[in-house]
Amino acid sequence: MQGVDTRATQDDESGFASIASTDLVAEVEAQLIHAIAEGRLPPGSRIIEAELARRMGISRAPVREAARRLERQGLVVARPRHGFTVRTITAGEIDDLYQVRLHMELQAVELACRNADDAGMQRLQAALARMVAEAATAPQTQRVMRDLEFHTLICELSGNGYLLRLFMNMRTELRMIMALIELAYQDPQRVAETHQPIVDCLRRRDVAAACAAMRLHLEDARLHVRALYQEKHGRDDHPPGPASAPAASVTSRSIPKKDPNEDITA
């Protein structure tokens with residue numbers, strides 16, 4: 001970020017760094033998003049302005065304005081006389097998020113089939129290769145980011161800048177959910193198996209098969225994430241029905257069958 005000079009030291013184990021920046025609000029916002037996405041500020045936790053300001057070596061005003069920005073993004077909620085708290089996620093909200101994500105990524109994969117050049121397809125295969133190479137040893141936060149980078153790249157290859165921006169805005173909530181359930185990538189080969197059909201169909205420029213592969217991947221991911229969330233948090237406010245009715249031109253017959261017991265990544 002141009003004009004930002006953030007000191008490298010961090011205060012104890014909180015992970016919040018002291019800040020010397022020409023755009024304090026943006027830097028505080030970035031640190032808070034990172035803390036929420038990693039689970040260091042879990043749902044329901046208070047954003048204590050005075051404490052964060054002390055840790056970052058700044059006044060309370062930039063922390064308050066950064067929290068207001070996060071409120072507009074739907075990551076925190078404001079309560080009268082209680083300040084800001086990190087939003088609590090429900091199973092129903094997971095369903096809603098994945099429903100929107102599904103429609104966005106189906107549009108992205110269709111456009112990418114038509115608009116992406118061969119170099120872009122090679123970038124996508126390379127992104128998947130990095131994900132698989134790091135799956136066995138990288139920390140969870142890095143594995144989740146590699147997965148989201150893969151899906152972000154498909155949105156980029158769509159050639160639709162507005163769609164890409166919308167997906168970028170969604171990524172923080174997706175990371176937040178992953179932090180909540182401590183999603184584990186147990187087998188790098190299975191990671192490849194859940195993403196490789198999407199790449200293969202894209203490289204063939206087969207719109208129907210690519211959409212079918214993406215639909216199956218994301219619906220399986222939603223059910224897996226939802227089950228892990230419910231297991232860990234014991235809340236289920238929404239029936240686990242399908243995220244969306246299948247499109248008439250897209251069927252699961254377009255791609256290979258999968259083991260229903262397979263571990264699915266997001």
Side-chain angles (χ1 to χ4, degrees), residues 33-40 75 89 93-109 112 116 120-158 163-203 210-229 231-232 243 255 258-259 262-266:
I33 287 175
H34 195 58
I36 291 170
E38 288 191 339
R40 289 186 286 111
L75 296 179
I89 300 290
E93 287 172 324
I94 291 175
D95 288 336
D96 291 344
L97 180 63
Y98 269 83
Q99 183 179 52
V100 173
R101 180 184 181 183
L102 175 62
H103 286 287
M104 286 178 59
E105 293 207 54
L106 287 177
Q107 181 69 59
V109 82
M121 296 299 186
Q122 291 172 4
R123 287 173 60 201
L124 192 62
Q125 185 66 66
L128 176 56
R130 283 194 301 273
M131 191 193 316
V132 175
E134 297 175 0
T137 58
Q140 182 220 1
T141 53
Q142 184 173 325
R143 295 194 300 268
V144 168
M145 280 308 299
R146 289 299 189 204
D147 193 313
L148 291 175
E149 284 168 3
F150 173 88
H151 289 272
T152 302
L153 181 53
I154 293 177
C155 294
E156 178 186 335
L157 295 176
S158 76
L163 189 153
L164 175 60
R165 288 194 297 275
L166 288 174
F167 188 79
M168 290 293 291
N169 290 338
M170 184 183 292
R171 285 193 354 170
T172 300
E173 282 195 79
L174 289 169
R175 289 177 62 196
M176 182 178 176
I177 291 170
M178 301 311 165
L180 280 177
I181 63 175
E182 298 177 356
L183 186 63
Y185 292 69
Q186 297 179 352
D187 187 338
Q189 185 60 40
R190 289 182 178 178
V191 174
E193 289 173 355
T194 62
H195 293 83
Q196 190 66 58
I198 301 170
V199 178
D200 293 341
C201 297
L202 278 167
R203 298 186 78 165
C211 287
M214 180 63 80
R215 181 184 293 277
L216 183 60
H217 172 73
L218 288 181
E219 178 61 11
D220 284 351
R222 181 186 72 88
L223 293 174
H224 183 64
V225 166
R226 195 183 198 286
L228 287 174
Y229 175 85
E231 178 183 337
K232 183 171 182 180
I255 57 177
K258 294 174 53 184
D259 181 348
E262 180 179 284
D263 228 3
I264 304 299
T265 62

**Item:** Minimal non-hydrogen separation, Asp147 against Met131, with atom names
**Value:** CA-CE, 3.9 Å

**Asked** Looking only at heavy atoms, what is the nearest atom pair of Ala213 and Cys201, with distance?
**Response** CB-SG, 4.4 Å

**Fill in**
When rounded to the nearest 0.5 Å, the distance separating CZ of Arg123 from CG of Leu157 is 6.0 Å

**Request:** Check step by step if side-chain contact (heavy atoms from CB on, under 4.5 Å) holds for Arg222 and Gln99.
**Result:** CA-CA 9 Å; Arg222 181 186 72 88; Gln99 183 179 52; over 6 Å; no

**Message:** So, taking the atom named CG in Asp96 and the one named CD in Glu173, what distance separates them when rounded to the nearest 0.5 Å?
**Reply:** 10.5 Å

**Message:** Holding to side chain to side chain contact (heavy atoms under 4.5 Å, CB included), I want the full list of residues that pass it with Met145, two or more places apart in sequence or in another chain.
**Reply:** Glu149, Arg171, Arg175

**Request:** Not counting sequence neighbours, which residues clear side chain to side chain contact (heavy atoms under 4.5 Å, CB included) with Ala138? List them please.
**Result:** Glu134, Gln142, Arg143

**Item:** Shortest non-hydrogen separation from Leu163 to Ala108 and the atoms involved
**Value:** CD2-CB, 3.8 Å

**Message:** Ring-plane angle category for His195 and Phe150, please: parallel below 30°, perpendicular beyond 60°, tilted otherwise.
**Reply:** perpendicular

**Message:** Just verifying a value: how many Å separate Glu219 CD and His224 NE2, rounded to the nearest 0.5 Å?
**Reply:** 13.5 Å

**Item:** Any residue meeting side chain to side chain contact (heavy atoms under 4.5 Å, CB included) with Thr172, in chain and number order, not counting sequence neighbours
**Value:** Ile33, Leu75

**Request:** Could you pull out the closest heavy-atom pair between Tyr98 and Leu218, with the gap in Å?
**Result:** CD2-O, 4.0 Å

**side-chain contact (heavy atoms from CB on, under 4.5 Å) between Leu97 and Ile177, intermediate numbers included** = CA-CA 10 Å; Leu97 180 63; Ile177 291 170; 3.5 Å; yes

**Ile198 CD1 to Glu105 CD distance, which is reported to the nearest 0.5 Å** = 7.5 Å

**Item:** side chain to side chain contact (heavy atoms under 4.5 Å, CB included) partners of Arg203, counting only residues at least two apart
**Value:** Met121, Gln122, Gln125, Val199

**Criterion side-chain contact (heavy atoms from CB on, under 4.5 Å) on His151 and Arg101, from CA distance to verdict** = CA-CA 10 Å; His151 289 272; Arg101 180 184 181 183; 3.4 Å; yes

**Message:** Taking side-chain hydrogen bond (donor to acceptor under 3.5 Å, both in side chains) as the definition, give me every residue that meets it alongside Asn169, ordered by chain and number, with sequence neighbours left out.
**Reply:** none

**Prompt:** At their closest point, which heavy atom of Leu202 faces which heavy atom of Ala210, and how far apart are they?
**Reply:** N-CB, 4.3 Å

**Request:** With rounding to the nearest 0.5 Å, note down the distance linking OG1 in Thr152 to CE in Met168.
**Result:** 6.0 Å

**Prompt:** Do the non-hydrogen side-chain atoms of Met214 and Ile154 ever get within less than 4.5 Å of each other?
**Reply:** yes

**Request:** Starting at CG of Leu128, measure out to CD of Gln196 and round the result to the nearest 0.5 Å.
**Result:** 5.0 Å

**Prompt:** Where is the tightest heavy-atom contact between Leu148 and Phe167, given as atom of each residue plus distance?
**Reply:** O-CE2, 4.2 Å

